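For ligands, and for the atoms within them, numbers begin at 1 and follow the listed sequence. Only a predicted model underlies this, so the values are computations on that prediction, with no experimental measurement involved.
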Amino acid sequence: MATVVTLNNGNKMPLVGLGCWKIPNETCTQQIYDAISVGYRVFDGAEDYGNEKEVGEGIRRAIKDGLVKREELFVVSKLWNSYHHPKNVKLALKRTLSDMGLDYLDLFYIHFPVALRPVPFEEKYPPGLFTGEADAKAGVLSEEPVPILDTYRALEECVEEGLIKSIGVSNFSGSLMLDLLRGARIPPAALQIELHPYLTQERYVKWVQSKGIQVVAYSSFGPQSFVDMGSEIAKATPTLFEHEVVKKIADKHNVSTSQVLLRWATQQKIAVIPKSSKKERLRQNLLIDKEVTLSEAEIKQVSSLNKNLRFNDPFTWSEKTPFPIFD
Ligand SMILES: NC(=O)c1ccc[n+]([C@@H]2O[C@H](COP(=O)([O-])OP(=O)(O)OC[C@H]3O[C@@H](n4cnc5c(N)ncnc54)[C@H](OP(=O)(O)O)[C@@H]3O)[C@@H](O)[C@H]2O)c1
C-alpha cells in the first residue's frame, strides 16, 4: 500500500494511484481489478477518458469478490469542459456515477479551466473537443460564457448533497487559483497538474502546498505518454527513462528509473497517478515508497533537469481558437 495523506477536509488519500487515461475499453475492467489486487486504492479517471463504465465495473467486481470495500477506495473523476454551466454540473456528475455504478466519488476535479459549448449526451458522449457539427466544419471550438466560480459553486452543492467528498481543480495556474480561493466557500482539496522533471514548477507547487492544497502530478514520465499520442515535440524530447542523471540514481539504489521519477515527486509530498497496462510495472510504480528513498542532493539533481517543457497545452487544441491558459 502507498503512503496515505490527509487532505484539507480530513479525507485520506494514498499518494500513489492509477491513471486511467488511455486504458483501452476492452481490457479496462480486468486492469482495474488487477490493480486493486496488487494494492492500488486510488483510481484517477475522467469523463473524457471514455472508460468510466469499465473502471466502475472493475471496482464493483473487486468489491463483490471481497478484495476491498468501497470506503477503502479513493475514486476520482473529472468534469469535462462541456459541462461547466451550473445546470450541467450535476447532470454530468450523475452520468459519471451511473456509468460507474457508484453512489459517490471521493474527488471530482474541474478538468480544465476551459468552458466549451455543451453537447447533449445523446449527440456525443464523451464529446471531447466537439462543440457541434458547424464548428467542426469551420475548425473552431465555441466557448460557453460561464465564469469558473459559477462552476465551482455548483460543485460545492454536490459536496453538500454527498455526491462527492472533495473538489479538485486541474490545469489551473496561479492567477486563477488566487481568484478561486477568494470566492470558494469550500477550498479545493487538490490541484492536479502536469509535473515531471522537465516541468518542475517548484515555486508554484510550494505556494499551493502552503495553502493546504494537495498537489497531484500527472504525466510523471514526461514525454512518454505523449509519444503514445504521436506528439512531435514529445518524440523529439529525450526520454526520462534513459536520462543519465536519472539512470545513475536508479543504479545506485538498484531500482528502475520509473521508480526514481515517481519517488522524486512523492518525497516532495506530491501525489502521483502513473498509468500502466503491465502488471510488473503496476507493482513497481506502487511500491516506490517502500523500495527507494532519495537523498536531498538526488532530488535536487532530478529537479535540475527542468526545462519548463509542457506537453499538454490547450493552446494547441484548435489553431483558430486556442486557449492560452498557461500564458
Ligand atoms: N488532468 C489532466 O489534464 C491529465 C492529463 C494527462 C494525464 N492525466 C492523468 O494522469 C495519469 C498519468 O499520466 P499519463 O497517462 O499521461 O502518463 P504517465 O503515467 O506519465 O505515462 C504512462 C506511460 O508510461 C508507461 N509506463 C508506466 N509505468 C512504467 C514503468 N514502470 N516503466 C516504463 N514505462 C512505464 C506506460 O506504458 P504501459 O501502459 O505500456 O506500461 C505509458 O506508456 C493519466 O492516466 C490520467 O489519469 C490527467
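- Protein heavy atom at the shortest distance from atom 2 (C) of ligand 1 is Y218 CE2, 3.3 Å.
- Here Y109 has no heavy atoms under 4.0 Å from ligand 1, in either its backbone or its side chain.
- No donor-acceptor contact under 3.5 angstrom links the side chains of N306 and E202, judged on distance only.
- Atoms of ligand 1 lying under 4.0 Å from at least one heavy atom of S220, given by number and element, are 20 (O).
- Taking atom 14 (P) of ligand 1 as the reference point, the nearest protein heavy-atom neighbour is S225 OG, 3.4 Å.
- There is no side-chain donor-acceptor pair under 3.5 Å between D44 and Y109.
- Residue S170 touches ligand 1 through its side chain alone, judged by heavy-atom distances below 4.0 Å.
- Under 3.5 Å, the side chains of S277 and K22 contain no donor-acceptor pair of N or O atoms.
- Listed by number with element, the atoms of ligand 1 under 4.0 Å from a non-hydrogen atom of H111 are 1 (N), 2 (C), 3 (O).
- With ligand atoms numbered from 1 in the order given, ligand 1 contributes 23 (C), 24 (O), 43 (O) to contacts under 4.0 Å with heavy atoms of Q224.
- D65 and Y33 share a donor-acceptor pair across their side chains, judged by distance under 3.5 Å alone.
- If you check which protein heavy atom lies closest to atom 37 (O) of ligand 1, you get R281 NH1, 3.4 Å.
- Between the side chain of Y40 and the main chain of V16, no donor-acceptor pair closer than 3.5 Å is present.
- The protein non-hydrogen atom at the shortest distance from atom 27 (C) of ligand 1 is K275 O, 3.0 Å.
- If you check the side chains of N312 and E194, you find no donor sitting under 3.5 Å from an acceptor.
- When hydrogens are left out, the protein atom nearest atom 13 (O) of ligand 1 is S219 N, 3.2 Å; that is the closest non-hydrogen contact.
- Under the 4.5 Å side-chain criterion, counting only non-hydrogen atoms from C-beta, F323 is in contact with W317.
- Those atoms of ligand 1 with a heavy atom of Q192 less than 4.0 angstrom away are 1 (N), 2 (C), 4 (C), 8 (N), 9 (C), 48 (C).
- W21 and S225 are not linked by any side-chain donor-acceptor pair at a separation below 3.5 angstrom, with hydrogens and angles left out of the test.
- Near G19, meaning under 4.0 Å from any of its heavy atoms, are these atoms of ligand 1: 11 (C), 44 (C), 45 (O), 47 (O).
- Annotation for ligand 1: atoms under 4.0 Å from non-hydrogen atoms of S258 are 30 (C), 31 (N), 32 (N).
- Here the protein heavy atom with the shortest distance to atom 40 (O) of ligand 1 is K278 NZ, 2.6 Å.
- For atom 11 (C) of ligand 1, the nearest non-hydrogen atom from the set I193, I273, N171 belongs to I273.
- The atoms of ligand 1 that sit less than 4.0 Å from any heavy atom of C20 are 45 (O), 47 (O).
- In terms of protein heavy-atom proximity, atom 21 (O) of ligand 1 is nearest to F221 CD1, 3.4 Å.
- In D44, the parts holding a heavy atom less than 4.0 Å from any atom of ligand 1 are both the side chain and the backbone.
- With no hydrogens or angles considered, a side-chain donor-acceptor pair links T96 and E47 at under 3.5 Å.
- A donor-acceptor pair shorter than 3.5 Å can be found between the side chains of D289 and T266.
- Residue D228 approaches ligand 1 through these ligand atoms, each under 4.0 Å from one of its heavy atoms: 42 (C), 43 (O).
- Judged by distance alone, the side chains of E52 and S77 do bring a donor and an acceptor atom under 3.5 Å apart.
- Among protein heavy atoms, the minimum distance from atom 41 (O) of ligand 1 is reached at S276 OG, 2.6 Å.
- Side-chain contact between P118 and E144 is present, with at least one heavy-atom pair separated by less than 4.5 Å.
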